[in-house]
Number of protein chains: 2
Amino acid sequence: MTELSTMKDGVANQAEASDRVLQILAEAGRLFASKGFEGTSMRDIALACGISKSLLYHHFSNKDEIYARVAVGSTLELYLFVRDRIPDGPPSQKIRAFMVATAEYFRRYRWAWIASTTAFWNDPDRSRHKERLTRRDRFENFLRGLIQEAIDAGEIRKVDVPMTGRLILSSLNWMHRWYNPNKSATPEQIADVFFDMIFNGLRSGELVEFPGAEPSKVGRRKSR
Amino acid sequence: MTELSTMKDGVANQAEASDRVLQILAEAGRLFASKGFEGTSMRDIALACGISKSLLYHHFSNKDEIYARVAVGSTLELYLFVRDRIPDGPPSQKIRAFMVATAEYFRRYRWAWIASTTAFWNDPDRSRHKERLTRRDRFENFLRGLIQEAIDAGEIRKVDVPMTGRLILSSLNWMHRWYNPNKSATPEQIADVFFDMIFNGLRSGELVEFPGAEPSKVGRRKSR
DNA sequence: GTTTTCACCGACCGATCGGTCAAGCCCGGC
DNA sequence: GCCGGGCTTGACCGATCGGTCGGTGAAAAC
């Protein structure tokens with residue numbers, strides 16, 4: 001994880017940034033996460049940092065650049081971060097490690113994560129976060145590769161790979177909406193529980209048939 | 001579903017509203033969904049409706065009220081909508097019906113749904129959507145009841161009920177971030193696939209042991 | 001000792017924000 | 001004819017938005 005040695009203060013991959021820049025990015029990320037991009041003014045950021053608004057424009061050209069540094073910075077090394085935490089072993093274990101590592105990243109860089117996944121995600125001006133999108137695509141494709149690997153190894157059944165990836169990422173990406181850091185469970189523990197549920201399923205071991213039930217796939221495994 | 005007979009134009013439960021009010025709510029919901037609350041100005045809404053900004057204030061007292069009507073209106077009948085679509089039968093089928101019905105609601109009132117689940121969700125001024133939150137709590141508690149029912153019936157194993165509810169809701173609530181209505185699968189079909197994955201699990205029928213793997217819960221079912 | 005550099009600030013800009021207001025338009029009842 | 005009231009408007013308000021400007025003071029470079 002040498003690529004990640006530049007992370008500090010919850011702001012990822014801002015290598016040769018001064019302390020002041022890091023402070024601005026940290027405060028801006030926290031504000032963007034809690035009030036959104038449009039809901040956060042440059043005055044808010046300056047006030048949170050205890051500096052003048054002009055100083056923001058000394059270090060950044062405009063508001064978009066601050067957001068880009070927060071958002072892209074937070075997803076910049078997500079792929080590398082996760083990839084470096086995938087162990088050798090059965091593919092199912094790799095998927096589990098993928099989920100746990102993503103949760104760890106979320107825990108570490110929570111404000112930047114939230115800011116980048118919520119603020120004006122569907123802005124018509126795609127250029128503002130196009131780079132971030134391609135990085136997330138690479139991240140998602142990596143997961144799909146792991147899923148295909150598990151299918152090829154016979155560890156998981158022949159499910160729809162993109163859909164499976166979406167299910168796994170949904171469980172992780174929605175976490176910031178209900179996760180409370182003051183509660184006991186860590187994001188990594190939560191990811192572990194979700195992996196268990198998704199991989200092993202909720203169903204009890206003994207299959208019970210319901211002849212009267214409407215057509216569905218519930219009893220499907222028996223017919224495979 | 002008599003409670004839902006007042007739904008029109010993708011705007012839920014606006015019973016005695018005039019056409020103009022329904023138009024405003026529909027356009028406002030679409031704008032809130034695509035640009036967020038702060039990113040949508042009253043001028044934007046008026047322009048989208050082809051009316052003057054003053055007219056908005058004739059029908060609504062302020063911007064917050066428009067958002068409240070959109071957001072609360074969209075979650076107002078979600079609980080009833082879903083509840084009325086739960087069939088008699090095994091609890092697992094009820095959970096599946098819960099997911100499919102929620103997906104149908106999402107498909108029908110997509111813009112209002114997105115607006116209410118994304119715009120300033122963590123605003124410090126909770127009063128703006130407190131009512132909406134209590135309604136969603138009732139909705140989530142209803143799901144937890146179904147899960148507990150399925151556990152009591154022995155259909156699903158003894159999982160953590162709140163966590164299971166979060167997993168199920170995550171798969172549904174994150175859908176708006178990637179769902180493309182031009183693609184083939186409907187939200188209901190997607191919900192059905194997710195239910196299958198979560199209920200039956202991804203794992204293939206035959207359990208394979210990996211003695212060299214690091215400690216985890218992958219092979220756990222065998223030990224139960 | 002002088003000059004250059006750089007982090008930093010207060011005052012200010014035009015534009016846009018949410019919101020107000022007095023006045024017109026339209027149309028059925030008298 | 002005209003009158004009352006709901007629908008609708010454009011002009012306007014103070015506040016705040018993102019962003020710019022000239023300048024300050026202290027340390028570094030010469």
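This structure is a prediction, so every number in the text was calculated from the model and none was measured. Numbers restart at 1 for each chain; the letters A, B, ... are given by sequence-line order, proteins then strands. All values below were derived from every heavy atom in this structure, side-chain atoms included, with hydrogens, water molecules and symmetry-related copies excluded.
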Exercise for review: Examine distances only and state if a side-chain atom of A:Thr164 and a backbone atom of A:Val159 form a donor-acceptor pair shorter than 3.5 Å.
Suggested key: no
Review point. How long is the line joining NZ of B:Lys35 and C1' of C:dT16, in whole Å?
Key: 12 Å
Review point. Which residues satisfy the side chain to side chain contact (heavy atoms under 4.5 Å, CB included) test with A:Asn180, sequence neighbours excluded?
Key: A:Asn182, A:Lys183
**Study point:** Atom-to-atom span, CD1 of B:Ile24 to C1' of D:dC7 - whole angstrom
**Key:** 11 Å
Study note, to complete from the structure: Applying side chain to side chain contact (heavy atoms under 4.5 Å, CB included) to B:Lys94 and not counting sequence neighbours gives B:Ile86, B:Leu146, B:Glu149
Check your understanding: For DNA chain C, what residues of residues 42-52 of chain B have any heavy atom nearer than 4.0 Å?
Key -> B:Met42, B:Arg43
Check your understanding: Over how many whole Å does the gap from B:Leu56 atom CG to C:dG18 atom C1' extend?
Key -> 11 Å
**Study point:** Nearest-Å distance for atom pair NZ/P, residues B:Lys53 and C:dG18
**Key:** 8 Å
Point to revise | Under the salt bridge (charged side-chain N to carboxylate O under 4.0 Å, His left out) test, residues paired with A:Asp44 that sit two or more places apart | key: A:Lys35
Show the distances under 3.5 angstrom between N or O atoms of the protein and N or O atoms of nucleotides 21-27 of chain C.
{"residue": "C:dC21", "atom": "N4", "partner": "B:Ser54", "partner atom": "OG", "Å": "3.4"}

Exercise for review: Could you please name the option among D:dT8, C:dA7, D:dT20 that lies closest to any side-chain atom of B:His59?
Suggested key: D:dT8
Study note, to complete from the structure: Sorted by chain and number, sequence neighbours left out, side chain to side chain donor-acceptor pair (under 3.5 Å) with B:Arg43 holds for none
I'd like a table of atom pairs between the protein and nucleotides 4-6 of chain D - only N or O on both sides, under 3.5 Å - with the distance next to each one.
none

Check your understanding: Under the side chain to side chain contact (heavy atoms under 4.5 Å, CB included) test, which residues partner A:Leu47, sequence neighbours left out?
Key -> none
Exercise for review: Check the distance between C:dC6's C1' and A:Arg20's CZ and give it to me in whole angstrom.
Suggested key: 13 Å
Exercise for review: Could you check how far OH of B:Tyr67 sits from C1' of C:dG18, rounded to whole Å?
Suggested key: 18 Å
Revision key, fill the gap. Sorted by chain and number, sequence neighbours left out, side chain to side chain contact (heavy atoms under 4.5 Å, CB included) with B:Tyr57 holds for B:Met42, B:Lys53
**Study point:** Residue from B:Tyr105, B:Phe142, B:Trp113, B:Phe139 passing ring-ring contact (aromatic ring centres under 6.0 Å, His included) with B:Phe81
**Key:** B:Tyr105
Study note, to complete from the structure: Closest to the side chain of A:Leu55, out of D:dG18, C:dC9, D:dT8, is C:dC9
Revision key, fill the gap. To the nearest angstrom, the CD-P distance between B:Glu38 and C:dT16 comes to 18 Å
Exercise for review: Provide, to the nearest angstrom, the distance between the NZ atom belonging to A:Lys63 and the P atom belonging to D:dG19.
Suggested key: 8 Å
Practice item. With sequence neighbours excluded, tell me which residues meet side chain to side chain donor-acceptor pair (under 3.5 Å) with A:Arg144. Key: A:Glu140
Check your understanding: Listed by chain and number, what are the salt bridge (charged side-chain N to carboxylate O under 4.0 Å, His left out) partners of A:Glu188, not counting sequence neighbours?
Key -> A:Arg107
Review point. Does A:Glu104 have any salt bridge (charged side-chain N to carboxylate O under 4.0 Å, His left out) partners at least two apart in sequence or in another chain, and if so, which?
Key: A:Arg85, A:Arg108
